[in-house]
Amino acid sequence: MAKHGVASVLTLALVLGVAAIPTVVQSIGVCYGVIGNNLPSPSDVVQLYKSNGIDSMRIYFPRSDILQALSGSSIALTMDVGNDQLGSLASDPSAAAAFVQNNIQAFPGVNFRYITVGNEVSGGDRQNILPAMQNMNSALSAAGLGNIKVSTSVSQGVTAGFPPSAGTFSASHMGPIAQYLASTGAPLLANVYPYFAYVGNQAQIDINYALFTSPGTVVQDGGNAYQNLFDAIVDTFYSALESAGAGSVPIVVSESGWPSAGGTAASAGNAQTYNQNLINHVGQGTPKRPGSIETYIFAMFNENQKGGDETERHFGLFNPDQSPAYSINF
C-alpha cells in the first residue's frame, strides 16, 4: 500500500550487477488495499480469496467490516496498525492494549498471523517503530495472544551492498529492530519490487532478469547463482540480517507485484508473467535460503483513488467488478 520508491542504493547495486532475488513463503497471500470508490464489499472480497484458493491476506489498517467478513474463514491475516498510530503506540502501552482489545480480541474468529507496526516508515517516525513493537508484543502477551507475531514492513531501500552476500542495513534504525525480531522469533517483512529496480535502471538491468525469464545465471556470487532479481533482493536482506547479528530472522515478502498499465514496461502481459512466475518460484526459496518463502502479491484490486504515479492504480490482480485483470493460477 505505501510505496514504492525508485531504486535504492541496494537496488542500484543489484541493477549494476544485474542480480536476482529470492523470498520466504509457506503460502501465497495477496494484499487487500482499499483506496478506491468502486471496490467490492468485504464479504465479496473474502469469497473471491476463497474461490481462488488464496489463503493469506494483508490489510493496511484495522477495518471492522473486513475483520467481520474474515471471521470464521481460514484466511490467515497480516494486519498493519497504520503508520499514523506509531507515535501513540510507542509512547503509551495502554494504546497498544486498546488496539489489541478493539481490533484483535473483538474478532476471535479471525486467524491473525502478523501485526505489522509500520509500513515503509520514513523520517523521524522510524524512532517509534521499535518501542511500538515492544508495547504491541507486551499487549498481545498480556491478552494471551503471544502466538501472533509482531514485525514491521520495510522497503528494499533500507539495505545496501552488492553482490547479495555483501548486503548490509544502510538505515541505522534497522540493526536494533533486527536483533529484537531475533529475540521474539518473528520474521522481518520486506517489500520486494524488481519492477521499480528495473524501471529506475533500464540501462543495466535486463527486463528478463526482473521477470524471472532469464535463460541462465545473471549474477554469480561465490557459490550462489542468481537467475532473477527477486532472489538477489531477498538474499541481500538475509545478508543484512546476518551482518546485524540476526541471521536467524526469516524474511516474509510482504509485498511484490508488477503493474498492468500506466508506465514503462507496465502491461498485462508483463504483470501476468511476473506474478505467475513469482507464484511458481517462491516454493523454492533463494540460493542463500532454499525452502518456501511466505509471499504477498500487491495487490488484489486496481485502486482508482491511489496517489502517485499512474502505475500505482494498476497493480491489481482483479478489477473492481471482480473480473481478472489477467489470467493467474494460484
J.: Could you go through L211 and N270, starting from their C-alpha distance and side-chain angles, then the distance that decides it, and tell me whether this counts as side chain to side chain contact (heavy atoms under 4.5 Å, CB included)?
T.: CA-CA 7 Å; L211 288 171; N270 284 344; 3.7 Å; yes

J.: Using 0.5 Å steps for rounding, measure from the CD atom of Q227 to the OG1 atom of T213.
T.: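 One gets 9.5 Å once the value is rounded to the nearest 0.5 Å.
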
J.: For P320 and N302, work out which heavy atoms get closest and say how close.
T.: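 Here P320 and N302 meet closest at CG-O, 3.8 Å.
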
J.: To check you understand the geometry: which heavy-atom pair defines the closest contact between H314 and A261, and what is its length?
T.: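 In this case the closest contact between H314 and A261 is CB-O, 3.5 Å.
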
J.: Do you know the tightest heavy-atom contact between V46 and S73?
T.: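 Closest approach of V46 to S73, heavy atoms only: CG1-CB, 4.4 Å.
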
J.: Got a sec, which pairs hit side chain to side chain donor-acceptor pair (under 3.5 Å) with one end in residues 138-147, sequence neighbours left out?
T.: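 Listed by first then second residue: nothing to list.
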
J.: Can you check whether S327's main-chain N or O pairs, donor with acceptor, with Q272's side chain at less than 3.5 Å?
T.: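 Yes, Q272 side chain to S327 backbone: donor-acceptor pair under 3.5 Å.
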
J.: For S239 and T236, indicate whether the former's side chain and the latter's backbone hold a donor-acceptor pair under 3.5 Å.
T.: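 No; judged by distance alone, with no hydrogens or angles, the pair does not exist.
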
J.: Would you give the length of the straight line joining atom CZ of R113 to atom OG of S56, rounded to the nearest 0.5 angstrom?
T.: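 The CZ atom of R113 sits 4.0 Å away from the OG atom of S56.
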
J.: Provide the closest heavy-atom pair for A325 versus G316 in the form atom of the first, atom of the second, distance.
T.: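 It is CB-O, 3.5 Å.
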
J.: Could you check if a side-chain atom of M57 sits within less than 4.5 angstrom of a side-chain atom of V30, using non-hydrogen atoms only?
T.: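 The answer is no, as the side chains (C-beta and beyond) never meet within the 4.5 Å cut-off.
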
J.: Ignoring hydrogens and angles, tell me if any N or O in the side chain of N319 forms a donor-acceptor pair with the backbone of F301 under 3.5 Å.
T.: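 No; zero donor-acceptor contacts below 3.5 Å.
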
J.: Quick one, N329 with N280, criterion side-chain hydrogen bond (donor to acceptor under 3.5 Å, both in side chains). Give me CA distance, side-chain angles, the key distance, then yes/no.
T.: CA-CA 9 Å; N329 179 13; N280 297 343; over 6 Å; no

J.: Got a donor-acceptor contact below 3.5 angstrom from the D92 side chain to the S88 backbone?
T.: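 Checked: no pair found.
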
J.: Under the 3.5 angstrom rule, does the side chain of T217 hit a backbone N or O of Y226 as a donor-acceptor pair?
T.: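 Checking the backbone N and O of Y226 against the side chain of T217, no donor-acceptor pair under 3.5 Å is found.
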
J.: Is there side-chain contact between P287 and D235, with heavy atoms separated by less than 4.5 Å?
T.: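 In short, these two side chains touch, coming nearer than 4.5 Å.
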
J.: Which heavy atom of A244 sits nearest a heavy atom of G175, and at what distance?
T.: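 Taking every non-hydrogen atom into account, CB-CA, 4.3 Å.
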
J.: Using a distance-only test with no angle check, is there a side-chain donor-acceptor pair under 3.5 angstrom linking N191 and E120?
T.: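 Distance-only check passes for N191 and E120.
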
J.: For Q220, I'd like to know if atom CD has over 12 heavy atoms of other residues, nucleotides or ligands within 6.0 Å.
T.: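 Yes, CD of Q220 has more than 12 neighbouring heavy atoms, counting only those of other groups under 6.0 Å.
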
J.: Is S71 reaching over with its side chain to a backbone N or O of L67, donor-acceptor style, under 3.5 angstrom?
T.: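 Yes, because the side chain of S71 sits within donor-acceptor range (under 3.5 Å) of the backbone of L67.
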
J.: Under 3.5 Å, side chain of E303 to main-chain N/O of I35, donor-acceptor pair present?
T.: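 Yes; at least one donor-acceptor contact below 3.5 Å.
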
J.: Between D206 (side chain) and N208 (backbone), is there a donor-acceptor pair under 3.5 Å?
T.: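 Pair found, side chain donor or acceptor close to backbone of N208.
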
J.: Answer yes or no: is there a side-chain heavy-atom contact under 4.5 Å between W258 and T273?
T.: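 No, too far: nothing below the 4.5 Å cut-off.
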
J.: Does a side chain donor of either Y193 or E255 reach within less than 3.5 Å of an acceptor in the other side chain?
T.: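 The answer is yes; a qualifying pair exists.
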
J.: Enter the distance from R313:CZ to N304:CG here, rounded to the nearest 0.5 Å.
T.: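 That separation rounds to 9.0 Å.
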
J.: Rounded to the nearest 0.5 Å, how far apart are OH of Y114 and NZ of K149?
T.: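 Reported to 0.5 Å precision, the distance equals 9.5 Å.
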
J.: Is there side-chain contact between P250 and Y238, with heavy atoms separated by less than 4.5 Å?
T.: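 Result yes, sub-4.5 Å side-chain heavy-atom pair found.
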
J.: Please say which of Y32, F196, F315 ends up in a ring-ring contact (aromatic ring centres under 6.0 Å, His included) with F298.
T.: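 For F298, the ring-ring contact (aromatic ring centres under 6.0 Å, His included) test succeeds with only one of Y32, F196, F315, which is F315.
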
J.: Evaluate the side-chain hydrogen bond (donor to acceptor under 3.5 Å, both in side chains) criterion for residues N137 and Y180: first the C-alpha distance (whole Å), next the side-chain angles of each, then the deciding distance (0.1 Å), finally the verdict.
T.: CA-CA 11 Å; N137 261 323; Y180 180 69; 2.8 Å; yes

J.: Just do the side chain to side chain contact (heavy atoms under 4.5 Å, CB included) check on I59 and T78 with the steps written out, would you?
T.: CA-CA 6 Å; I59 61 176; T78 297; over 6 Å; no

J.: Do L140 and V150 have side chains that get closer than 4.5 Å, going by heavy atoms?
T.: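 The answer is yes; the side chains approach within 4.5 Å.
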
J.: Measure the shortest side-chain to side-chain distance between D44 and P42 over non-hydrogen atoms and say whether it is less than 4.5 angstrom.
T.: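 No, their side chains stay 4.5 Å or more apart.
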
J.: Where do A210 and Y198 come nearest, in terms of heavy atoms and distance?
T.: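 Closest approach of A210 to Y198: CB-CB, 4.1 Å.
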
J.: With ring centroids as reference points, do F212 and Y274 lie under 6.0 angstrom apart?
T.: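 Yes.
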
J.: To the nearest 0.5 Å, tell me how far N128 CG sits from H173 NE2.
T.: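 Nearest 0.5 Å value for the CG-NE2 distance: 11.0 Å.
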
J.: Quick check against the 3.5 Å criterion: does D321 have a side-chain atom that pairs as donor or acceptor with the backbone of S323?
T.: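 Side chain of D321 to backbone of S323, a donor-acceptor pair under 3.5 Å: yes, one is there.
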
J.: Could you tell me whether the side chain of Y326 reaches within less than 4.5 Å of the side chain of N275, counting heavy atoms only?
T.: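 Counting from C-beta outward, N275 and Y326 do come under 4.5 Å.
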
J.: With a 4.0 Å cut-off, would you call E242 and K288 a salt bridge?
T.: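 Yes, charged N to carboxylate O under 4.0 Å.
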
J.: In the structure I gave you, are the side-chain heavy atoms of Q68 and F107 within less than 4.5 Å of one another anywhere?
T.: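 Yes. Closest side-chain heavy atoms under 4.5 Å.
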
J.: How many angstroms lie between atom CG of L77 and atom CD1 of I66, to the nearest 0.5 angstrom?
T.: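 With rounding to 0.5 Å, CG (L77) is 9.0 Å from CD1 (I66).
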
J.: Tell me which one of T152, I115, L86 satisfies side-chain contact (heavy atoms from CB on, under 4.5 Å) with M133.
T.: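 When T152, I115, L86 are each tested with M133, the side-chain contact (heavy atoms from CB on, under 4.5 Å) holds only for T152.
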
J.: Within 45 degrees of the axis of the six-membered ring of Y296 and under 6.0 Å from its centre: does R58 put its NZ or CZ there?
T.: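 No, cation not above the ring by the 6.0 Å, 45° rule.
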
J.: Distance only, no hydrogens: is a donor on one side chain within 3.5 Å (strictly under) of an acceptor on the other, for S153 and S254?
T.: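 Yes, S254 and S153 have a side-chain donor paired with an acceptor closer than 3.5 Å.
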
J.: Any donor-acceptor pair under 3.5 Å linking the side chain of N135 with the backbone of A90?
T.: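 Here the side-chain-to-backbone pair exists.
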
J.: F61 vs D80, test: side chain to side chain contact (heavy atoms under 4.5 Å, CB included). Steps then yes/no.
T.: CA-CA 5 Å; F61 55 90; D80 290 31; 5.7 Å; no

J.: Apply the test side chain to side chain contact (heavy atoms under 4.5 Å, CB included) to residues Y60 and N83: give CA-CA distance (whole Å), side-chain angles for both, the deciding distance (0.1 Å), then the verdict.
T.: CA-CA 9 Å; Y60 291 92; N83 285 5; over 6 Å; no

